[in-house]
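All chains are named by letter (A, B, ...) in the order of the sequence lines, taking the proteins before the strands, and each is independently numbered beginning at 1.
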Number of protein chains: 2
Amino acid sequence: MKLITREVDYAVRALAAVARAGRGLSAAGLAAPAGVPRPVLRKIMQALSRAGITRSSRGRGGGFVLARPAGRISLGDIISAVRGPLKFNDCVFGGALCHNHRTCLLRGRVAAIEKKVMEEVRRVTLADLG
Amino acid sequence: MKLITREVDYAVRALAAVARAGRGLSAAGLAAPAGVPRPVLRKIMQALSRAGITRSSRGRGGGFVLARPAGRISLGDIISAVRGPLKFNDCVFGGALCHNHRTCLLRGRVAAIEKKVMEEVRRVTLADLG
DNA sequence: ACTAAATGATACCAATCTGGTATCATTTAA
DNA sequence: TTAAATGATACCAGATTGGTATCATTTAGT
């Protein structure tokens with residue numbers, strides 16, 4: 001099970017580059033030095049923009065900038081944007097159907113672990129990853 | 001990202017049933033009440049046996065018993081047996097090739113989180129999930 | 001001795017997820 | 001007007017996962 005997939009990895013590197021640059025960077029400009037295929041990075045940057053982590057400007061000379069300071073962009077934000085929310089728990093009965101769900105001890109334990117991971121992952125910011 | 005896949009879920013339920021029974025239970029006997037396809041449960045039980053979590057006896061009247069007390073079988077053991085070891089970190093450069101690897105801040109952070117999850121997951125035992 | 005019940009070991013298949021590719025539309029600076 | 005850039009989709013190939021099928025081997029019971 002991967003918490004950090006390639007796409008998350010790419011996203012972190014790209015955002016770190018944007019943070020360092022201080023000015024708008026295009027997807028193409030980000031992809032080349034990182035050795036990432038341009039279309040892939042574009043898709044990632046689009047997801048980050050949709051999630052409100054970056055702001056984009058279109059047209060010639062456009063690109064991406066951070067929507068807020070690096071210290072307020074967490075690894076958790078990035079993971080959520082690129083991969084969707086964490087769901088550690090694949091209940092076989094899909095939650096609703098399991099008559100034991102309330103009392104299912106495994107669910108409770110796993111939910112607690114998931115919560116801890118979210119806390120950890122939110123505590124790491126882009127500023128820490130500079 | 002799922003920590004608890006269906007197979008892990010099945011494994012936990014099956015092991016809990018074995019623990020409650022106190023005697024050997026066959027894969028068929030375990031599958032039916034849990035509503036799990038027999039061949040799937042057999043594969044899972046085989047993996048658990050290979051990992052030394054259960055002991056199996058073959059032939060007529062055979063089945064599976066816990067290889068050690070439920071309090072000494074952790075959720076981590078079960079996950080490792082069914083899914084392989086946790087690897088949160090998908091380094092794009094595969095570790096060896098990344099010249100920044102030592103200093104890669106993301107790796108360090110993620111490794112720390114992974115370690116915490118392992119601790120948590122090892123702390124939960126089958127006895128807690130009875 | 002024979003048979004039925006059970007695990008061990010594989011091989012295979014379908015669905016989903018993930019990384020990567022391709023296209024077209026839209027916006028904007030030069 | 002044009003080139004450079006993002007927005008939005010649609011698509012494809014490989015890996016993973018859940019599920020199926022098969023055959024060999026072991027063992028208890030008759």
Side-chain angles (χ1 to χ4, degrees), chain A residues 1-11 13-14 18 23-32 34-65 67 79 81-87 90-94, chain B residues 1-11 13-14 18 23-32 34-65 67 79 81-87 90-94:
Chain A
M1 182 199 59
K2 288 177 225 141
L3 182 64
I4 308 298
T5 60
R6 266 171 186 245
E7 292 201 337
V8 173
D9 198 298
Y10 291 162
R13 290 168 194 262
V18 171
R23 63 196 174 79
L25 289 180
S26 72
L30 286 164
V36 179
R38 258 173 299 169
V40 173
L41 195 53
R42 278 191 49 201
K43 208 160 40 166
I44 292 170
M45 296 311 293
Q46 287 181 5
L48 294 173
S49 286
R50 268 194 301 271
I53 292 173
T54 50
R55 270 179 299 114
S56 64
S57 51
R58 299 172 69 165
R60 185 165 185 155
F64 301 89
V65 293
I79 293 174
V82 181
R83 310 199 48 198
L86 288 187
K87 279 181 192 162
D90 179 26
C91 177
V92 181
F93 300 117
Chain B
M1 181 199 59
K2 287 175 225 145
L3 182 64
I4 307 298
T5 60
R6 265 169 187 247
E7 292 201 337
V8 174
D9 198 299
Y10 291 163
R13 289 168 195 263
V18 170
R23 64 196 173 81
L25 289 180
S26 73
L30 286 164
V36 179
R38 259 173 298 169
V40 173
L41 195 53
R42 279 192 46 199
K43 209 161 39 168
I44 292 171
M45 296 312 292
Q46 287 181 4
L48 295 173
S49 285
R50 268 195 300 272
I53 292 174
T54 50
R55 271 180 297 113
S56 64
S57 51
R58 299 172 69 165
R60 183 167 186 155
F64 301 89
V65 293
I79 293 174
V82 179
R83 309 200 49 197
L86 288 187
K87 280 181 190 161
D90 179 27
C91 177
V92 181
F93 300 117

Partners passing side chain to side chain contact (heavy atoms under 4.5 Å, CB included) against Pro37(B) (at least two apart in sequence or in another chain): Pro39(B), Val40(B)
Least distance between heavy atoms, Val18(A) atom then Phe64(A) atom: CG1-O, 3.8 Å
Phosphate OP1/OP2 of dG19(C): any Tyr10(A) side-chain N/O under 4.0 Å: no
Sugar-phosphate only, base, or nothing, as touched by Pro39(A) at under 4.0 Å among non-hydrogen atoms: base
Spacing of Arg6(B) atom CZ relative to dC17(C) atom P, expressed in whole Å: 12 Å
Pair Arg23(A)-Val65(A), side-chain contact (heavy atoms from CB on, under 4.5 Å): steps then yes or no: CA-CA 7 Å; Arg23(A) 63 196 174 79; Val65(A) 293; over 6 Å; no
Worked verdict on Val8(B) versus Ile44(B) for side-chain contact (heavy atoms from CB on, under 4.5 Å): CA-CA 9 Å; Val8(B) 174; Ile44(B) 292 171; over 6 Å; no
Between dT16(D) (P) and Arg83(A) (CZ): distance, integer Å: 14 Å
Rounded distance (Å) that lies between atom P of dC17(C) and atom CE of Met1(B): 14 Å
Euclidean distance, atom CG of residue Asp90(A) to atom P of dG18(D) [Å, nearest integer]: 7 Å
Rounded distance in Å - CG (Asp9(A)) to C1' (dT18(C)): 14 Å
Contact summary for Ala27(B) and Leu41(B), nearest pair of heavy atoms: O-CD2, 3.6 Å
Atom-to-atom span, CD1 of Ile4(A) to C1' of dT18(C) - whole angstrom: 15 Å
d(NZ, Lys2(A); P, dT16(D)) in whole Å: 7 Å
Gap separating the OG atom of Ser26(A) from the CZ atom of Arg60(A), nearest 0.5 angstrom: 12.5 Å
For Ala14(B) against Leu30(B), the heavy-atom pair lying closest together: O-CD2, 3.7 Å
Side chain of Pro37(B) - closest among dG19(C), dT20(D), dT6(D): dT20(D)
Per Glu7(A) side chain, nearest of listed nucleotides dT7(C), dG20(C), dG19(C): dG19(C)
Sugar-phosphate or base contact per nucleotide [nucleotides 25-30 of chain D; S, B, -; heavy atom under 4.0 Å]: BBBB--
Side chain to side chain contact (heavy atoms under 4.5 Å, CB included) partners of Lys2(B), counting only residues at least two apart: Asp90(A), Thr5(B)
Arg83(B) side-chain N/O to Leu3(B) backbone N/O, donor-acceptor pair under 3.5 Å: yes
Close approaches to DNA chain D from residues 40-48 of chain A, in residue order (heavy atom, under 4.0 Å): Arg42(A), Gln46(A)
Touch class at under 4.0 angstrom, heavy-atom based, for Ala28(B) against every strand present: nothing
Residues 46-58 of chain B, side-chain donor-acceptor partners within the protein, below 3.5 Å, at least two apart:
{"from": "Ser49(B)", "atom 1": "OG", "to": "Met45(B)", "atom 2": "O", "distance (Å)": "3.3"}
{"from": "Ser49(B)", "atom 1": "OG", "to": "Thr54(B)", "atom 2": "OG1", "distance (Å)": "2.9"}
{"from": "Thr54(B)", "atom 1": "OG1", "to": "Ser49(B)", "atom 2": "N", "distance (Å)": "3.3"}
{"from": "Ser57(B)", "atom 1": "OG", "to": "Gly63(B)", "atom 2": "N", "distance (Å)": "3.4"}

Selected nucleotide, minimal atom distance to Ser56(B) side chain, candidates dG8(C), dA9(C), dG19(C): dG8(C)
Divergence of helical axes at both termini of the helix from dA1(C)-dT30(D) to dA30(C)-dT1(D) - five pairs an end, 10° steps: 0°
Atom-to-atom span, CG of Leu25(A) to C1' of dA5(D) - whole angstrom: 13 Å
Sugar-phosphate, base or nothing in reach of Arg55(A), heavy atoms under 4.0 Å: nothing
